[in-house]
Amino acid sequence: MIRDSQLFQPFNDEPISLIGETGAWEGPFDLDLDPAALRGMYHDLVVGRLMDERLSRLQRQGKVSFVAPSAGHEGAQVGLAHALERGRDWLFPYYRDTSLLLAFGLPQVEMLAQAMATRADPNRGRQMPSHNGSKDLNIFTIASPIASHVAPAVGAAISMKVQGTGQVAVASFGEGATSEGDFHAALNFAGAQGAPVVFFCENNRYAISVDYNHQTGADSIAAKAHAYGMPGYTVDGMDVLASYYVMREVIERVRNGLGPVLVETLVYRFGPHSSADDDSRYRPREEVEAWKRRDPLLRFRRFLEKQGLWDDAAEAHLRAEVEASLQAATAEAEAAGPIPVEWMFDDVFAQRLPHLEEQRHDLLD
Ligand SMILES: Cc1ncc(C[n+]2csc(CCOP(=O)(O)OP(=O)(O)O)c2C)c(N)n1
Ligand SMILES: [Mg+2]
């Protein structure tokens, strides 16, 4: 059991990691997660990976216009999702958060319908693919302008504080987002107001083709927390348990009114920036291959095997089950049919104004 109320120290020199590359538990405390919880994390890692692969296939088939691949980010994202309270806390995610959204409860059919813009998309086809949101699940709809959602997360958190709801807001974003003015204004305001918000940076070392060293002169993103009066942690984001345990402690701290925290997870995107990018033009293949050997799914699988909780049969069974579920969700999303173009006139004003009514008629004619 964890007894110390603060296990992890902020502004750590080495990224916090709990599982070794071989899958050995290296944490300075005893695991307190039962086998079902551990298997549940692995399930969510696999769902995220297989959804990512499926979205890219659908893009190549011409059924999805754009994809932001997320493979390599799953460990950080699933750890975060499992540390949050679903239905209570708020997420302000970004476009690469496939595993985070699914592990936080976003139905697979909604993600697929949003990507394909069919009638089963609750956002009615009004966003680019990879830009989900959910009113039911407290997921702020993803916005394309980098870092534009970080200050709204702080605003929501201040409102939670004023109303004493005990909720926590989490804004996730890439390291490239930290070069935007919005990021700095948001952290400054959160620090000054003691807002119950966590800033969750998924540092994959590239903002499209711009590498980390062209993004900032700072040794780490976490170091920036110091200037805004909050703790900053650097975490090995390829280690789902490191992400989970750090986030569990951080979220508890934030929920207890101790103010905001910045967490930097070190991850890597295995694929290109998007379906419109050719990453071989700006990063060596050997670098990608080296990071793939640190795959968060492989590492956690090795861990489960060492714990006696996993084997080849369990792996085959899980993959078949997840594929079947994704296949059914894809069929359901497609069967809903494409969104009619005239839907664009709905929900703009409480009542449709005469000139819009006229334009709608012209379009339908
Ligand atoms: C304000 C703004 N500037 C530029 C862009 C174009 N753009 C889209 S994604 C991206 C890179 C973001 O990198 P990062 O924050 O590291 O996230 P990653 O894609 O690496 O996960 C850029 C520059 C944008 N969407 N918004
Ligand atoms: Mg990046």
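What you see is a predicted model; the values in this text were computed from it and never measured. We use all heavy atoms of the structure for the numbers below, so side chains are in, but hydrogens, waters and symmetry mates are not. In each ligand, atom 1 is the first atom listed, and ligand 1 is the first ligand listed.
Between the side chain of Asp236 and the main chain of Pro15, no donor-acceptor pair closer than 3.5 Å is present.
The CG atom of Leu326 lies 5.5 Å from the CZ atom of Arg54; values are rounded to the nearest 0.5 Å. Rounding to the nearest 0.5 angstrom, the gap separating the CD1 atom in Ile221 from the OG1 atom in Thr234 is 9.0 Å. Between Gln359 atom CD and Leu353 atom CG the span is 10.5 Å, to the nearest 0.5 Å.
Protein residues lining ligand 1, listed by chain and number: Tyr94, Tyr95, Arg96, Ser144, Pro145, Ile146, Gly174, Glu175, Gly176, Ala177, Glu180, Asn204, Tyr206, Ala207, Ile208, His273 [non-hydrogen atoms, distance under 4.0 Å].
Pairs of residues two or more places apart, or lying in two chains, that qualify as side-chain hydrogen bond (donor to acceptor under 3.5 Å, both in side chains) and include a residue from residues 223-233 are His184-Tyr228, Thr216-Lys224.
Atoms of the protein (N, O or S only) found under 2.8 Å from the Mg ion (ligand 2) are Glu175 OE1, Glu175 OE2, Asn204 OD1, Tyr206 O.
Checked against ring-ring contact (aromatic ring centres under 6.0 Å, His included), Phe300 has the following partners two or more places apart in sequence or in another chain: Phe303.
Residue-environment remark: CG (Asp347) exceeds the threshold of 12 foreign heavy atoms within 6.0 Å.
Of the residues listed (Glu202, His73, Glu175), the one engaging Thr265 in a side chain to side chain contact (heavy atoms under 4.5 Å, CB included) is Glu202, and it is the only one.
Taking the six-membered ring where tryptophan is involved, the planes of Trp291 and Tyr268 are essentially parallel, since the angle between them stays under 30° and well short of 60°.
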